[in-house]
Amino acid sequence: LNPNPASTISFNGTGNQTISRIGGETFNHLSVNKSGGGILLGNDVTIGGTLSLSSGNILTGPNVAAISSTGTVARTSGHVVGYLKKYMPVGSPTAIFEIGDNANYTPADFSFSGVTTGGDIMVSVVQTEHPDAGTSPMVSTKSVNRFWSVMNSGTVFSSVNTVVHFVASDVDPGAAPVNFHAFKYDAPDWTVPIVGTRTSTSTEFLGLTSFSDLAVGEIVSNTITASASPGGSISPSGSVGVNYGNNQSFSLTANTGYRIDSVVVDGTNQGALTNHSFTNVTAGHTIAAYFSIDVLTITATASAGGSITPSGTVNVNYGSNQSFSIVPATGYYIADVTVDSVSVGAVGSYNFTGVVTNHTVAALFAITQFSVTATASTGGAISPSGTIGVNYGDDAVFTVTPDTGRHIDSVVVDGVNAGALTGHTFTNITANHTIAAYFSINSYTITASASAGGTISPTGSVSVTHGATQ
């Protein structure tokens, strides 16, 4: 068959018609408008002009229907069942590949960006689930039972958006096309391209940079179980579904008075993180946040002469209460108690309530003092005299001295006459005391006598006090 370059070859029979030529056949314009049957290719066919599809399918078998760089396709009905190849020129070309199975038209649309070297793209579609779907992140029971194979021969491009079309009967029962994702198989690995617009019978692949097998379905959702101990929260929490290959971030927040103690991811302590991100999630995970209550300190000190209990650096949980008991030692008294350097008086206890910051408490003690009141009557002295302050447990020594011509009459200690003491010592004083010294004037005797013949008056033993005249 050697058609004129400007000719159109039309196939409009009612049964199957076969094109077969060793080495392939080339047409200028090829028209398919059949009322029954289809066109069977026994070899590759190239169309350099227009392929007009009005009715009936072209069944390529293992062969290829190729549209050359000068060719186009005009379709009303019918399509290619098998391999359809088209040339992609330099620039940003778009192309529809009019393909499907015997009964259904399920084309693939391509929008290229940055084609720098023209080349051929060949596409076919198979009406069955991809044979390696079981190894994919696609839910095989919620997918499209059809996949598209795309092969590139020489086309150099930056990226391409591809829309694959399917029919409602291709969709598994219970699957939701609005949730469909794009899947790309490069043996033996699956990737998940960015999904674009989704309709009930189409799904868009965005930004492809190479070609292979394309499939559509719902994506496997992996569960990340997020939990938090008392004292804080993790967001989101609970069982968080994450689509295969997606990222998921978690933020951790401690309640007031708590801090993040640790974050355990898949059983491994990651430290006190405030957030954590799982990237390219392809399996289930766990994340557990642990919080600890803030521990504050109250520093309790006491001067000599008593104690504060508890003492030293006392740890107190945030918001808790802490009481302190202040007890003086024997012979001492509480002089003052300061809290955060501010006096609260000479209290015997202090209670911190709702502790939310660090504090100090200091107990100050002073030794108890007693008084010894020392007095002396006229005629002598006691030393020391007056009201003498004496610390608890100390001794106090007093000396009693009469004036000239006087003598100690008595020393009265705490109301009891202790005799004509020249001194007295109070030992281990634990109470107030009094000491009083009493003095009397010395008295002398003048013995007066007279011989016979006269008198002396007064006569006999005359008593005269010290310093008096007689």
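Residue numbers count from 1 along this sequence.
Residues that satisfy the side chain to side chain contact (heavy atoms under 4.5 Å, CB included) test with Asn104, not counting sequence neighbours, are Asp101, Thr106, Gln127, Arg146, Val167. For Lys85, the side chain to side chain contact (heavy atoms under 4.5 Å, CB included) partners two or more places apart in sequence, or in a different chain, are Val64, Ala66, Asp120, Met122. In this structure Thr297 satisfies the side chain to side chain contact (heavy atoms under 4.5 Å, CB included) test together with Thr313, Asn315, Asn358, sequence neighbours excluded. Shown here are the ring-ring contact (aromatic ring centres under 6.0 Å, His included) partners of Phe398, two or more places apart in sequence or in another chain: Phe426. Applying the side chain to side chain contact (heavy atoms under 4.5 Å, CB included) test to Leu364 and every residue at least two apart in sequence or in another chain returns Ser303, Asp336.
Sorted by first and then second residue, the ring-ring contact (aromatic ring centres under 6.0 Å, His included) pairs involving residues 33-75 (not counting sequence neighbours) form an empty list. Pairs of residues two or more places apart, or lying in two chains, that qualify as side-chain hydrogen bond (donor to acceptor under 3.5 Å, both in side chains) and include a residue from residues 253-281 are Ser249-Ser277, Asp261-Ser292, Asp266-His285. Applying the salt bridge (charged side-chain N to carboxylate O under 4.0 Å, His left out) test to residues at least two apart or on different chains, none of the pairs has a partner in residues 300-328. For residues 40-75, there are no ring-ring contact (aromatic ring centres under 6.0 Å, His included) pairs, not counting sequence neighbours. For residues 37-46, no pair satisfies side-chain hydrogen bond (donor to acceptor under 3.5 Å, both in side chains), with sequence neighbours left out. Legend: ring-ring contact (aromatic ring centres under 6.0 Å, His included) pairs involving residues 310-332, not counting sequence neighbours, sorted by first then second residue: Phe324-Phe352. Residue pairs meeting the side-chain hydrogen bond (donor to acceptor under 3.5 Å, both in side chains) criterion with at least one partner in residues 222-240, sequence neighbours excluded, do not occur; the list is empty.
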